[in-house]
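These notes concern the structure reproduced below.
Letters A, B, ... are given to chains in the order of the sequence lines, protein chains preceding strands, and every chain is numbered from 1.
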There are 2 protein chains.
Amino acid sequence: MMSRTKWSSPESREATIATVERETGVSKDTLRVWERRYGFPRPGRDSRGERVYPPEQLEKLRVISRLLDRGMRPGRLMGLPLPELLQRFQAQEPAPPAATGRAAPDGLTPMMDEAIGLLKSDDEVALRTHFARVLLRLGLQRFTVELVGPLNELVGEAWARGQIAVSQEHIYTEQMQHVLRQGIGSIPPGAQSPSVMLTTLPGEQHQLGLLMANICLAAEGARCISLGVQTPAWDIVHAARRQGIDVVGLSFSEALRLKAAYAMLEDLRARLPAEIEIWAGGKLWARAPRPVPGVRFVTLLTQIPGALAARRGSHGRRTEKS
Amino acid sequence: MMSRTKWSSPESREATIATVERETGVSKDTLRVWERRYGFPRPGRDSRGERVYPPEQLEKLRVISRLLDRGMRPGRLMGLPLPELLQRFQAQEPAPPAATGRAAPDGLTPMMDEAIGLLKSDDEVALRTHFARVLLRLGLQRFTVELVGPLNELVGEAWARGQIAVSQEHIYTEQMQHVLRQGIGSIPPGAQSPSVMLTTLPGEQHQLGLLMANICLAAEGARCISLGVQTPAWDIVHAARRQGIDVVGLSFSEALRLKAAYAMLEDLRARLPAEIEIWAGGKLWARAPRPVPGVRFVTLLTQIPGALAARRGSHGRRTEKS
DNA sequence: ATCCACTTTTGTCCAGGACAAATCTGCCAG
DNA sequence: CTGGCAGATTTGTCCTGGACAAAAGTGGAT
């Protein structure tokens with residue numbers, strides 16, 4: 001095969017359009033249309049007439065790409081010089097602390113602050129130890145609801161404000177995953193009800209939400225089967241039927257588009273037998289505008305016990321079955 | 001970041017050109033030029049005049065894409081019907097049973113068979129118990145190298161042959177992840193060397209490879225920091241520098257396109273200081289044709305001890321770094 | 001304040017042409 | 001036969017410039 005990578009020559013660190021796409025995540029089409037519309041980037045041309053991006057422009061594009069991820073718009077950014085752009089990271093709002101529904105109970109705030117501090121100092125071993133200690137003190141369920149949930153948001157905000165790096169956020173997720181999975185492993189198995197199948201739809205990659213839901217459900221006596229992330233709708237239907245599942249639980253982070261989420265949710269609802277419930281959870285639904293018939297929204301972890309109780313009430317204690 | 005991509009309508013299983021690019025790894029430009037030159041694929045058009053690929057064509061493209069990775073040429077493949085294409089896989093792959101490195105030692109085959117059986121019967125609790133028992137008997141390292149590695153391949157093959165469903169493969173991954181992470185949690189921490197940063201590049205979502213590498217490295221006395229999956233190259237460079245990393249370890253599954261993988265590897269190598277080594281691992285390199293200067297390929301888990309020994313030999317026993 | 005209609009912004013798609021790198025082919029010398 | 005080389009063919013990527021719908025912003029009426 002033509003392994004024509006188009007990689008910029010090793011010395012002159014000048015990038016081709018393919019390199020820029022790979023590095024910034026901005027598609028070639030978009031790069032060309034930006035150039036046409038905003039006059040930036042303005043790459044040089046090589047002997048063939050192909051675009052050649054100097055390192056400074058690549059760097060600026062990287063910064064712009066990250067600002068776009070935070071909801072800013074290209075038209076306003078393209079003209080600004082690099083230092084100005086970098087300032088935009090700081091300018092992000094701290095987000096009203098009370099309004100988010102973030103539980104700020106007891107003396108947990110210092111524990112969260114310590115976690116953030118350890119993260120910033122790249123001490124992943126101490127971070128894990130810290131989590132383990134807090135877990136021991138609070139118990140698995142309180143640890144999950146009162147610490148992990150709020151901490152996730154805190155880490156997300158710190159990243160958005162440029163206070164921690166992408167890699168540090170990755171490390172946080174990884175260590176927390178260890179702790180939570182260890183906790184799930186310690187839950188005694190047993191035939192309980194209802195049986196809940198947990199997963200996310202294609203495009204949603206965040207695992208922590210699933211693990212947290214798993215813990216809260218198991219703590220209330222549900223039977224959890226997790227499929228991990230990104231199960232195509234067809235396979236969810238197939239698996240739920242085959243395994244005699246009562247509830248399909250889906251997790252949605254803010255990364256997903258609202259409209260795409262609705263579409264997939266409605267599609268799944270249409271294909272799943274009516275007696276199988278769908279519970280949709282996650283921060284995406286925090287200010288959910290539109291209800292979907294046959295889908296229960298569980299925005300917060302604390303609503304899980306209520307949802308289970310409601311289900312058990314309506315379905316009675318009888319072993320349902322047609 | 002990827003929230004700027006276009007989705008095909010979820011229920012009509014028909015794909016847009018962007019979907020096909022994502023699923024097959026063939027770029028939009030290439031798809032259009034194939035259509036022009038070879039008459040395949042021949043997508044329909046929607047009301048806007050945009051291409052709409054029916055599922056059969058997508059499927060055929062997936063097969064073609066894999067054959068291209070094995071060195072065949074598009075001009076000869078496009079006209080062939082699907083069954084004919086599938087035959088080309090057999091014709092090409094003699095795969096000497098010993099050369100694959102699949103350890104088939106001792107009495108492990110029955111254990112793997114039992115695992116597959118439990119998976120087929122959807123008994124995820126028994127599956128986890130089974131793993132836990134085998135782990136106890138073999139020890140973490142042998143469990144990883146001799147059972148998990150071969151079992152991964154077995155599960156992949158079973159899926160490819162339609163013997164297990166997508167959801168069952170997900171359940172396998174999820175349960176195995178629990179077991180492996182539990183194992184990693186039991187490894188005593190300590191300042192050891194070299195320090196290895198583990199992750200995958202964007203587009204590679206498979207976690208098991210990382211976890212397995214983590215175990216094998218830690219077992220040989222390396223210090224492992226895992227970033228989880230999909231870290232952009234720039235962030236890898238940033239984090240490796242900041243944390244004083246000696247080796248960046250990357251995992252590549254067969255899902256990634258060979259060409260894209262080479263491009264990203266070469267790019268990362270160019271941006272990373274020369275004193276930081278890059279080790280590339282995973283099944284993708286099983287028949288690696290082309291070496292990359294400054295990158296060590298570690299196709300099999302069993303090669304990890306050797307790689308570490310080589311590194312320690314060349315870098316001496318002196319505690320380099322402050 | 002909340003909702004709806006209207007305007008602007010923005011990303012993706014399309015067509016068809018061009019070109020160089022990779023690969024194949026046939027030929028000739030050893 | 002084997003190996004190397006020049007020329008022909010194959011193939012992926014890049015180009016331009018136009019089009020359009022989804023998303024985001026705006027303003028007025030309730």
Side-chain angles (χ1 to χ4, degrees), chain A residues 1-9 15-22 24-40 43-53 61 64-65 67-79 256-263 287 289-290, chain B residues 1-9 15-22 24-40 43-53 64-65 67-79 257-260 262-263 289-290:
Chain A
M1 167 172 299
M2 203 185 319
S3 134
R4 174 161 184 286
T5 315
K6 215 65 173 149
W7 75 315
S8 37
S9 86
T16 66
I17 197 170
T19 307
V20 177
E21 175 181 39
R22 186 164 3 97
T24 64
V26 179
S27 79
K28 293 168 193 161
D29 274 327
T30 304
L31 284 168
R32 284 191 276 254
V33 93
W34 280 358
E35 185 180 339
R36 203 194 308 167
R37 286 188 188 142
Y38 313 118
F40 183 87
R45 300 292 177 128
D46 67 5
S47 54
R48 273 172 253 157
E50 300 188 350
R51 291 173 174 78
V52 177
Y53 295 81
L61 283 169
I64 288 175
S65 162
L67 288 171
L68 291 184
D69 285 341
R70 293 167 198 210
M72 304 199 186
R73 310 192 59 180
R76 311 294 170 82
L77 297 175
M78 291 298 169
L256 211 59
R257 287 209 160 153
L258 198 58
K259 187 148 189 192
Y262 273 121
R287 34 184 162 273
R290 174 159 65 90
Chain B
M1 183 186 306
M2 276 311 179
S3 53
R4 303 194 279 267
T5 51
K6 178 161 183 173
W7 276 82
S8 67
S9 94
T16 67
I17 196 171
T19 307
V20 176
E21 175 180 39
R22 188 157 34 81
T24 65
V26 180
S27 78
K28 293 166 193 160
D29 273 327
T30 303
L31 285 167
R32 284 190 277 253
V33 92
W34 280 358
E35 185 180 338
R36 203 195 307 165
R37 285 186 187 141
Y38 313 118
F40 183 88
R45 299 294 176 127
D46 67 5
S47 54
R48 275 170 255 159
E50 299 189 350
R51 290 173 175 78
V52 176
Y53 295 82
I64 287 175
S65 158
L67 288 171
L68 291 184
D69 277 341
R70 302 186 180 199
M72 305 197 183
R73 311 194 59 178
R76 311 293 170 82
L77 297 176
M78 290 298 168
R257 305 221 77 213
L258 199 55
K259 216 159 59 160
Y262 272 121
R290 171 160 66 91

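- Closest approach of B:G75 and B:Y38 over heavy atoms only: CA-CE2, 3.9 Å.
- Evaluation of the side chain to side chain donor-acceptor pair (under 3.5 Å) rule for A:R32 yields no partner, not counting sequence neighbours.
- A distance-only check finds a donor-acceptor pair linking the side chain of A:S65 to the backbone of A:T24 [under 3.5 Å].
- Close to C:dT9, at under 4.0 Å from its OP1 or OP2, lies no side-chain N or O of A:Y38.
- Regarding B:L258, its CG atom lies at a distance of 15 Å from the C1' atom of D:dG12, rounded to whole Å.
- The side chain of A:W34 lies closest to C:dG11, out of C:dC13, C:dG11, D:dC15.
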Exercise for the section: Kindly indicate, with the supporting measurements, whether the criterion side-chain contact (heavy atoms from CB on, under 4.5 Å) is fulfilled by A:L61 and A:V26. Expected result: CA-CA 9 Å; A:L61 283 169; A:V26 179; 5.8 Å; no
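- Between the side chain of A:R36 and the base of D:dG17 there is at least one donor-acceptor pair of N/O atoms closer than 3.5 Å.
- Smallest separation of non-hydrogen atoms from A:I17 and A:L31: CG1-CD1, 3.8 Å.
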Between the protein and nucleotides 20-25 of chain D, which nitrogen or oxygen pairs come in under 3.5 angstrom?
from: D:dA24; atom 1: O3'; to: A:R73; atom 2: NH1; distance (Å): 3.4

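- Rounded to an integer number of Å, the gap from CG of B:L68 to P of C:dT23 is 12 Å.
- What separates CG of A:D46 from C1' of D:dC14 is a distance of 10 Å, to the nearest Å.
- Atom-to-atom, CZ of A:R32 to C1' of C:dT10 comes out at 16 Å; the value is rounded to the nearest Å.
- Atom OG of A:S27 is separated from atom NZ of B:K28 by 6.0 Å, given to the nearest 0.5 angstrom.
- In this structure, B:T30 does not reach the D:dT11 phosphate: none of its side-chain N or O atoms is under 4.0 Å from OP1 or OP2.
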Exercise for the section: Check the pair A:L68 / A:L77 against side-chain contact (heavy atoms from CB on, under 4.5 Å), numbers first and verdict last. Expected result: CA-CA 9 Å; A:L68 291 184; A:L77 297 175; 3.9 Å; yes
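- Spacing between atom CG of B:D29 and atom C1' of D:dT16 amounts to 13 Å, rounded to whole angstrom units.
- OP1 or OP2 of C:dT12 has at least one side-chain nitrogen or oxygen of A:S27 nearer than 4.0 Å.
- Contact between the side-chain N/O atoms of A:K28 and the OP1/OP2 oxygens of D:dC14 is found at a separation under 4.0 Å.
- Protein atom CD of B:E35 is 11 Å distant from nucleotide atom P of C:dG16, rounded to whole Å.
- Counting to the nearest Å, the C1' atom of C:dT12 and the CD atom of B:E50 are 7 Å from each other.
- Annotation: side chain to side chain donor-acceptor pair (under 3.5 Å) contacts of B:E35 (sequence neighbours excluded): B:R51.
- B:R51 comes within 4.0 angstrom of sugar-phosphate atoms only, judged by non-hydrogen atoms across all strands, and of no base.
- Rounded to whole angstrom, the span from the CG atom of A:L77 across to the P atom of C:dG11 amounts to 10 Å.
- The terminal axes of the helix from C:dA1-D:dT30 to C:dG30-D:dC1, fitted over 5 pairs per end, subtend an angle of 40° to the nearest 10°.
- In terms of heavy atoms, B:R45 sits closest to B:V52 at C-CG2, 4.2 Å.
- For the pair B:R257 and B:D69, the tightest heavy-atom approach, listed with the atom from each and the gap, is NH2-OD1, 3.4 Å.
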